[in-house]
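For this chain, numbers begin at 1 and follow the sequence in order.
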Amino acid sequence: MKNLRSNKTLGISLVALIVTIIVLIILTAAVIVTFMEGGIIDRAKEAVFKSDIRTYQEILAVKNAEKQIELATGNGEGGLYNETDFEKIKEIIPEFKEEYKDLIAISNGEIVLGTRTDDPYSTWLADLGIGAGKTSILALLEVGDYVKYIIPEGERKTYNITEKMGAEATNWIFNDIDGDYWDIYEYEEGEEVIGYNEEIKWRVLKNDGSKVTLVSAEPVENIYLYGEEGFTKGPETLNTICQEVYGGRNLKVEDVNEVLKYEPVTYYFNSKGEEVKKERGFTFRDAMEETGLSITGSLPDNYEELELIYNYSKTNCTEASEKAKDMIFRDKTYWLSSSCADVNFCDDYAVFLVREVGGDYVRGSDLCVSVGNKGRRYAGLRPVVTLSSSVQVVDENAGGDTLDTAWELK
């Protein structure tokens, strides 16, 4: 009887062991299947991914706010971030992981779905309310494109020359854009105020990937610059007018060089008018030291640092597109907010100028010389405005090759 009970116990123990092994096998299989189907792993990845995205959103919100503060304090250009490149996104969000490259982008200051739309990431982003961003103007606008843009009514101002500049205001502005360049202008009552013109059309001056800059398609207004006052205050006055009326500045020679892909060259001639040098970065100070030029008369303190005048035309801007040339060279003469100087090495005097664009070249318009003579010139303005990347095009299927097909912005 004793042996029989032992055998029975042994039998039960073997059965229990076999059942336990089977249960363990089933549980192991279930765990393996669960892992194979990605349930636990994917849920963990999903949790990490969503946590990372929320962190990125918080960081981006702070960065956007900082840009607005910089704009309000005059230390930045404001706007919202627009980026698709991994390295640029990482500059904005240092915590951005390389494994998320192309999964997300930044559009109008928000995290949006990137070019990698493979699941489950796009599904996880959708859970967070994140989808594809609106088409940014940055992906559509090219340098030289025509644009229809109306500055919001609340941002429009006027510039009263008389109030700003006093009794000599009549020497600074008149609005006869089609007048003869050499005419003597007679001031007429009421023309001292420059107001915003809704009829102005714009062209794309530059698009750096985070904001777009526009320039008026044609010169506007006409401003007199005369004598030393025009030379010393002219560029600043041009910019001030454009800032108050159009919310921007006036075109400058650096803009022209950038658009035309032109590297400035100083042309240096001897007393016989023969070209003896053609150098880059040759300054007015260099010319004085080399020739022993003696300057007389009352001139700005910083005149020695001025660059010599350099002229160029369409023909030697070989790398620029025809669209870029057409944007810069207009039929009507206009000022650039850039001073310069020229030297007569033979007769020992210097001419002080403000740059302008006329026809198919850039030149300096002489306003005063070191021997005391003064001249006066008038030319138009080319307002420049920089728009935040939140501005959108009305019709993504439109185009801006001509004024009639200009992009319309909203």
Q: Can you check whether S51's main-chain N or O pairs, donor with acceptor, with T55's side chain at less than 3.5 Å?
A: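 Checked: pair present.
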Q: State, yes or no, whether a side-chain contact exists between K88 and I92 at a heavy-atom distance under 4.5 Å.
A: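 Result no, sub-4.5 Å side-chain heavy-atom pair not found.
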Q: Using a strict 4.0 Å threshold on nitrogen-to-oxygen distance, state whether D360 and K325 make a salt bridge.
A: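 No, D360 and K325 are not salt-bridged.
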Q: Around atom NZ of K261, are there more than 12 heavy atoms of other residues, nucleotides or ligands at under 6.0 Å?
A: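 Open: at most 12 neighbouring heavy atoms sit under 6.0 Å from NZ of K261.
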Q: Looking at CG of D52 and CG of L103, how far apart are the two atoms once the value is rounded to the nearest 0.5 Å?
A: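 CG of L103 is found 11.5 Å from CG of D52.
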Q: Give a yes or no on this: more than 12 heavy atoms of other residues, nucleotides or ligands lie within 6.0 Å of atom CD of E99.
A: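 Atom CD in E99 is crowded, with more than 12 foreign heavy atoms closer than 6.0 Å.
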Q: Without swapping roles, check the side chain of S337 against the backbone of L238 for a donor-acceptor pair under 3.5 Å.
A: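 Not confirmed, S337 side chain does not pair with L238 backbone.
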Q: Measuring from atom CZ of R355 to atom OG of S365, what distance do you get when rounded to the nearest 0.5 angstrom?
A: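 If I round to the nearest 0.5 Å, the distance is 12.0 Å.
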Q: When rounded to the nearest 0.5 angstrom, what is the spacing between OH in Y121 and CG in L125?
A: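 The OH atom of Y121 sits 10.0 Å away from the CG atom of L125.
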Q: So Y378 and Y224, would you call those rings parallel, tilted or perpendicular, with 30° and 60° as cut-offs?
A: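 Rings of Y378 and Y224: perpendicular, over 60°.
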Q: Is it true that a side-chain atom of D145 and a backbone atom of E142 form a donor plus acceptor pair closer than 3.5 Å?
A: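 Judged by distance alone, yes, a pair lies under 3.5 Å.
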Q: Checking side chain to side chain contact (heavy atoms under 4.5 Å, CB included) for the pair I106/V112: CA distance, chi angles, key distance, verdict?
A: CA-CA 6 Å; I106 300 176; V112 299; over 6 Å; no
Q: Rounded to the nearest 0.5 Å, what's the gap from CD1 on I241 to CD1 on I223? Could you check?
A: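 Answer for the CD1-CD1 pair, I241 versus I223, is 4.0 Å.
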Q: Among N250, N239, N222, V245, exactly one meets side-chain contact (heavy atoms from CB on, under 4.5 Å) together with L381. Which residue is that?
A: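 Considering N250, N239, N222, V245, a side-chain contact (heavy atoms from CB on, under 4.5 Å) with L381 is found only for N250.
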Q: Salt bridge check, D127 against K50: does any charged N sit closer than 4.0 Å to a carboxylate O?
A: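 The answer is yes: the pair qualifies as a salt bridge.
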Q: Given the rule in the side chain to side chain contact (heavy atoms under 4.5 Å, CB included) test, do F352 and L306 qualify, once you have shown the distances and angles that lead to the verdict?
A: CA-CA 9 Å; F352 296 85; L306 294 171; 3.9 Å; yes
Q: Between L353 and D366, what is the shortest heavy-atom contact and its length?
A: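 Minimum heavy-atom contact is CD2-N, 3.6 Å.
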Q: Please walk me through it: do K201 and E218 pass salt bridge (charged side-chain N to carboxylate O under 4.0 Å, His left out)?
A: CA-CA 8 Å; K201 298 299 186 294; E218 294 290 342; over 6 Å; no
Q: Quick one: do D326 and R203 satisfy salt bridge (charged side-chain N to carboxylate O under 4.0 Å, His left out)? Show the steps, please.
A: CA-CA 11 Å; D326 178 63; R203 299 185 75 172; 2.9 Å; yes
Q: Are any of the side-chain nitrogens in D85 or K101 under 4.0 Å away from the carboxylate oxygens of its partner?
A: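 The answer is no: the pair does not qualify as a salt bridge.
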Q: Kindly say whether C242 contributes a backbone atom to a donor-acceptor pair with the side chain of Y159 at under 3.5 angstrom?
A: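 Side chain of Y159 to backbone of C242, a donor-acceptor pair under 3.5 Å: no, none is there.
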Q: For Y81 and N64, which I'm curious about, is there any donor-acceptor pair between the side chains at under 3.5 Å?
A: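 Checked: Y81/N64 side chains show no N/O donor-acceptor pair below 3.5 Å.
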Q: Report the residues that fulfil ring pair (Phe, Tyr, Trp, His ring centres under 6.0 Å) with Y56, sequence neighbours left out, ordered by chain and then residue number.
A: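 Applying ring pair (Phe, Tyr, Trp, His ring centres under 6.0 Å) to Y56 gives F96.
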Q: Given 3.5 Å as the limit, does a donor-acceptor pair link the side chain of S216 with the main chain of R382, or not?
A: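 No.
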Q: With the threshold set at 4.0 Å, does a side-chain nitrogen-carboxylate oxygen contact exist between K206 and D255?
A: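 Yes, this pair counts.
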Q: Contact between L205 and L251 at the side-chain level, heavy atoms closer than 4.5 Å - yes or no?
A: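 The answer is yes; the side chains approach within 4.5 Å.
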Q: Which value, rounded to the nearest 0.5 Å, describes the distance between N197 atom CG and Y246 atom OH?
A: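 Reported to 0.5 Å precision, the distance equals 5.5 Å.
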Q: Can you measure from CG (L128) to CZ (R54) and round to the nearest 0.5 angstrom?
A: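 Separation between the atoms: 5.0 Å.
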Q: Taking W202 for its side chain and A217 for its backbone only, find out whether a donor-acceptor pair lies under 3.5 Å.
A: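 Answer holds: no.
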Q: Before giving the answer on side chain to side chain contact (heavy atoms under 4.5 Å, CB included), spell out for M327 and V259 the whole-Å C-alpha distance, their side-chain angles and the decisive distance to 0.1 Å.
A: CA-CA 9 Å; M327 177 174 59; V259 171; 3.5 Å; yes
Q: If you count every heavy atom of other residues, nucleotides or ligands that lies below 6.0 Å from E254 atom CD, does the total exceed 12?
A: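 Buried by this count: over 12 neighbours within 6.0 Å.
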Q: Assess the residue pair E356 and R363 against the criterion (salt bridge (charged side-chain N to carboxylate O under 4.0 Å, His left out)); give the C-alpha distance rounded to whole Å, side-chain angles, the decisive distance to 0.1 Å, and a yes or no.
A: CA-CA 6 Å; E356 64 181 21; R363 64 188 176 194; 2.5 Å; yes
Q: Nearest heavy-atom pair of C340 and I309: which atoms, and what distance?
A: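 The pair with the smallest heavy-atom distance is SG-CD1, 3.6 Å.
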Q: Hey, mind stepping through I150 and Y196 against side chain to side chain contact (heavy atoms under 4.5 Å, CB included) and telling me if it holds?
A: CA-CA 10 Å; I150 303 296; Y196 179 72; 4.2 Å; yes
